[in-house]
Amino acid sequence: SDFNAAEQWLFDSLARALAWELDKQLIDGSGAGEWLGLLRSPGRITQSKEGGQAANTVVGDNITNMLPRLAPESHHSKSTVWICHSSVLPQIYQLNITVGTAGGALPLWRWKAPGEEFNTLAGFPVVVSEHCKQLGDHGDLILADLSRYLVCFKAVKKQISSHLLFTVDESVFKIIF
């Protein structure tokens, strides 16, 4: 029925809106009436540009210098991910590290294989988020072990009443988060 389709559409739309807001807070929340985001966390470690690195670029040394700064157990965590703005992608697609004295190039980026969910950078999944900062700004590329980020909230409740506004042929939706 039209009502069931409208109900499904409404709840799907609300779920997407809630996920968008929670992603935003996870990355850049202020901590005032919302989550404290990764970019504002006192546990954040910032990687400086390399000497001579051009503005608005990501180089292989940025990546290889970020990795040892992870906690040792995070190197084996399935929750460790790169989170980046889409403007960073053209840079990281091309990243290599030089191997050996002959200067062979080893790519840091790996496209996902069939059946895999994510592309990887230096072995960790890459998640693209519009909530990260643009290329060249602090927070354009984040390496995080999300298992170290505690999120607690109560279950979302939804209620529908076709009785409340029965006389005007309307239904009322109530969402509690």
Set of side chain to side chain contact (heavy atoms under 4.5 Å, CB included) partners for Phe118, sequence neighbours left out: Pro125, Val127
Side chain to side chain donor-acceptor pair (under 3.5 Å): pairs with one or both residues in residues 27-42, sequence neighbours excluded: Asp28-Arg40, Asp28-Lys133, Ser30-Glu34
CG (Asp169) with more than 12 external heavy atoms under 6.0 Å: no
Residues that Glu170 engages under side chain to side chain donor-acceptor pair (under 3.5 Å), provided they are two or more places apart: none
Set of residues satisfying side chain to side chain donor-acceptor pair (under 3.5 Å) with respect to Gln91, sequence neighbours excluded: none
Thr57: side chain to side chain donor-acceptor pair (under 3.5 Å) partners, not counting sequence neighbours: Gln53
Other cluster members, Ile45 - Ile/Leu/Val/Met/Phe/Trp/Tyr, side-chain contacts below 4.5 Å: none
Side chain to side chain donor-acceptor pair (under 3.5 Å) partners of Ser13, counting only residues at least two apart: Arg16
Those residues that, when tested against His85, pass ring pair (Phe, Tyr, Trp, His ring centres under 6.0 Å) (two or more places apart): none
Derivation and outcome, side-chain contact (heavy atoms from CB on, under 4.5 Å), residues Phe11 and Leu14: CA-CA 5 Å; Phe11 288 126; Leu14 289 171; 4.3 Å; yes
Pairwise side chain to side chain donor-acceptor pair (under 3.5 Å) hits with a residue in residues 135-147, at least two apart: Ser74-Asp145, Ser77-Asp145, Asp145-Ser147
Rounded distance (nearest 0.5 Å) linking atom CG of Leu89 with atom SG of Cys84: 4.5 Å
Check: Val59 main-chain N/O paired with Asn62 side-chain donor or acceptor under 3.5 Å: yes
Counterpart residues, side chain to side chain contact (heavy atoms under 4.5 Å, CB included), relative to Asn119 (two or more places apart): Trp109, Trp111, Lys112
Salt bridge (Lys or Arg N to Asp or Glu O under 4.0 Å) involving Arg69 - partner list, sequence neighbours excluded: none
Residues forming a side chain to side chain contact (heavy atoms under 4.5 Å, CB included) with Leu95, sequence neighbours excluded: Val58, Ile63, Ile92, Leu108, Leu121
Side-chain donor or acceptor of Arg110 paired with backbone N/O of Thr120 under 3.5 Å: no
Glu21 side-chain N/O to Ala17 backbone N/O, donor-acceptor pair under 3.5 Å: no
Ile142 with Tyr93, same ILVMFWY side-chain cluster at under 4.5 Å: no
